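Taking it in order: structure first as structure tokens, then the write-up.
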Amino acid sequence: MNDNIITVTHNKKEFKLIGTAHVSRESIEEVKNTILEEKPDMVCVELDQARYNSITQNDTWSKLNLSKVFKERKGFLLIVNLVLAGFQRRLGNQLGVTPGEEMKTAIETAKELNIPYSLCDREVHTTLRRAWARCGLWSKCKLLASLLASAFTTEKLSEQEIEDLKKKNELDGMMSELSNYLPGVKAVLIDERDRYLATKIWASTPPVTSNEEQNKKIVAVIGAGHMQGIITHLEKLASEETNKNTEAALDELNKIPPKSLFAKAFPFLIPAIIIGLFAVGFIREGSEIGFAMVQQWILWNGSLAAIGAIIALGHPLAVLVSFLGAPLTSLTPVIGVGILSGLVQAACSKPRVSDVQDITQDVTSIKGVYRNRITRALLVFFFSSVGSSIATFVLIPMLTGRVVG
């Protein structure tokens, strides 16, 4: 008996769930052989449209418009995507297996047999935005730190260690650790996706007519960590009480939670505090202290943003824009200095064809990240933003001390 394949039957629907490691040779063969032997009515895979495009289309990154990314304020989202892609690619490089190859194999095998297939995962952008919305400020800092640490880790895993991730006790330990570290993110990345995948798999199943004697057979290729969660939710969907409107359930899981009143007000609150401190300085302490506070603001905010751009080895003009732009952009919630510095970096050091072709490999090492002009622009965006943010939070108590001391 193969512990990686579990069969669940509900209401004349037979679900054969294949739990895979996403960078495992054994998983690839297991998926192909199961589909060939079972010849199911439907094949479901744990992919969304964007990830499907990335593993099936070689020119996906060639369509990237870096300037548009910055203008639409999606720089952090792109960084997270690249970090996750780099982490999985690095594991794949160690084992000689392309990340997501088992999903691609499932689709290709289904096509060869003329079996319909369904992409059953939630869009990664939606998942990341819902996870981000669940995090408080401290959790967001922990999440960013964790992602950056995983991006440049030198730890190597053997193929056997990857296969060991399929074992239930190993997965339980991992899920428990993640739950304790970032419970909000765990709920979105694991619990919600279990529910979403199960609902999409159920909804993708060919309808069963009352006079059919044979079960509809569905093969679902999923990450091993989702196996038990999906089984639980399939059982819930099979009951009359919950199996009412799967589309409504999917729509609910695709919604981005609205920001709280504080979250909406926060981007305006910080500039209001700074401007208020300037006003108090001029009115109570006189123009000399008031101008000294403004000068302090410009030098600290501009300098730390510029240092961030320098750390990213940004173009001199991007460094200058960081210095000049940070003191102004920090006083408005409309635009951040990273958007300006990133745009200037992308314009002054335009990405080459090789940068597009090599990006997924370059993000697996610090040297590659700095060499690639796309990721270099993202570094300028990130570090100049961080520098300006640090200056802002350091200066608030410093300026306050000058007017109340």
Side-chain angles (χ1 to χ4, degrees), residues 1-8 15-58 60 81 84-124 127 157-168 170-171 174 189-190 193-194 196-198 200-201 204 217-231 234 360-361 364:
M1 179 178 178
N2 192 333
D3 294 334
N4 302 324
I5 302 178
I6 296 179
T7 301
V8 181
F15 301 92
K16 192 168 288 289
L17 308 177
I18 308 175
T20 72
H22 291 308
V23 280
S24 161
R25 291 193 188 95
E26 283 78 2
S27 289
I28 296 170
E29 292 301 317
E30 198 168 61
V31 166
K32 184 172 183 178
N33 292 336
T34 300
I35 295 174
L36 289 173
E37 292 170 6
E38 297 292 336
K39 295 182 174 58
D41 300 291
M42 171 69 73
V43 172
C44 296
V45 294
E46 185 196 322
L47 283 178
D48 61 273
Q49 190 62 52
R51 283 188 294 152
Y52 171 72
N53 292 341
S54 70
I55 65 174
T56 57
Q57 300 176 13
N58 295 327
T60 301
N81 277 325
L84 295 174
F87 179 72
Q88 197 172 36
R89 176 64 179 266
R90 188 160 51 251
L91 291 178
N93 287 344
Q94 292 179 39
L95 303 179
V97 179
T98 304
E101 189 67 27
E102 84 283 15
M103 302 293 173
K104 184 178 177 181
T105 297
I107 293 172
E108 290 176 346
T109 307
K111 288 180 177 178
E112 290 174 7
L113 300 176
N114 293 318
I115 298 171
Y117 66 90
S118 175
L119 307 180
C120 291
D121 203 359
R122 183 168 59 186
E123 288 289 335
V124 66
T127 297
L157 297 176
S158 68
E159 189 166 0
Q160 183 58 47
E161 287 174 317
I162 293 295
E163 289 300 315
D164 286 343
L165 293 178
K166 296 178 181 179
K167 296 179 181 178
K168 188 175 184 297
E170 292 285 343
L171 286 169
M174 291 173 62
L189 297 184
I190 301 171
R193 285 183 64 220
D194 288 349
Y196 188 95
L197 285 162
K200 197 69 182 287
I201 290 169
S204 300
K217 189 180 295 184
I218 303 94
V219 167
V221 184
I222 56 177
H226 294 290
M227 183 79 83
Q228 291 304 318
I230 288 176
I231 291 172
L234 284 175
T360 54
Q361 180 60 41
T364 62

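All of these numbers come straight from a predicted model, not from anything done at the bench.
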>> Any non-hydrogen side-chain atom of I218 less than 4.5 Å from a side-chain atom of P40?
In response: no
> Of the non-hydrogen atoms in T34 and E30, which two are nearest, and what is the gap between them?
Replying inline: OG1-O, 2.7 Å
> With a 4.5 Å heavy-atom cut-off, do L197 and D121 have their side chains touching?
Replying inline: yes
> Under the criterion side-chain contact (heavy atoms from CB on, under 4.5 Å), which of V43, I115, V221, V45 is the partner of I107?
Replying inline: V45
>> Checking D194 now: which residues fulfil side-chain hydrogen bond (donor to acceptor under 3.5 Å, both in side chains) with it, not counting sequence neighbours?
In response: H226
> Checking side chain to side chain contact (heavy atoms under 4.5 Å, CB included) for the pair M103/T20: CA distance, chi angles, key distance, verdict?
Replying inline: CA-CA 9 Å; M103 302 293 173; T20 72; 4.3 Å; yes
> Between the side chain of K217 and the main-chain N/O of F15, is any donor-acceptor distance below 3.5 Å?
Replying inline: no
>> One pair to check against side chain to side chain contact (heavy atoms under 4.5 Å, CB included): I222 and I18. What are the steps and the verdict?
In response: CA-CA 6 Å; I222 56 177; I18 308 175; over 6 Å; no
>> Among residues at least two apart in sequence or on other chains, which ones pass side-chain hydrogen bond (donor to acceptor under 3.5 Å, both in side chains) with T127?
In response: R122
> At what distance, to the nearest 0.5 angstrom, does CD1 of I230 lie from CZ of R193?
Replying inline: 9.0 Å
>> Going by the rule side-chain hydrogen bond (donor to acceptor under 3.5 Å, both in side chains), which residues pair with S204 if we only count those two or more places apart in sequence or in a different chain?
In response: S118
>> By the salt bridge (charged side-chain N to carboxylate O under 4.0 Å, His left out) test, which pairs, at least two apart or in different chains, include something from residues 104-116?
In response: none
>> Can you list everything that forms a ring-ring contact (aromatic ring centres under 6.0 Å, His included) with Y196? Sequence neighbours excluded, please.
In response: none
>> Using 0.5 Å steps for rounding, measure from the CG atom of D48 to the SG atom of C120.
In response: 11.0 Å
>> So, taking the atom named CD in E38 and the one named CG in N33, what distance separates them when rounded to the nearest 0.5 Å?
In response: 11.0 Å
>> For a quick test of reading the model, state the closest non-hydrogen atom pair linking A198 to L234 and the distance between them.
In response: O-CD2, 3.7 Å
>> Applying side chain to side chain contact (heavy atoms under 4.5 Å, CB included), can you list everything that pairs with I231, at least two apart in sequence or on another chain?
In response: I6, V8, L17, M227, Q228, E235
> Hey, are K32 and T109 close enough side-chain-wise for a donor-acceptor pair under 3.5 Å?
Replying inline: no
>> Return the CG to CD distance between L119 and E46, rounded to the nearest 0.5 Å.
In response: 11.5 Å
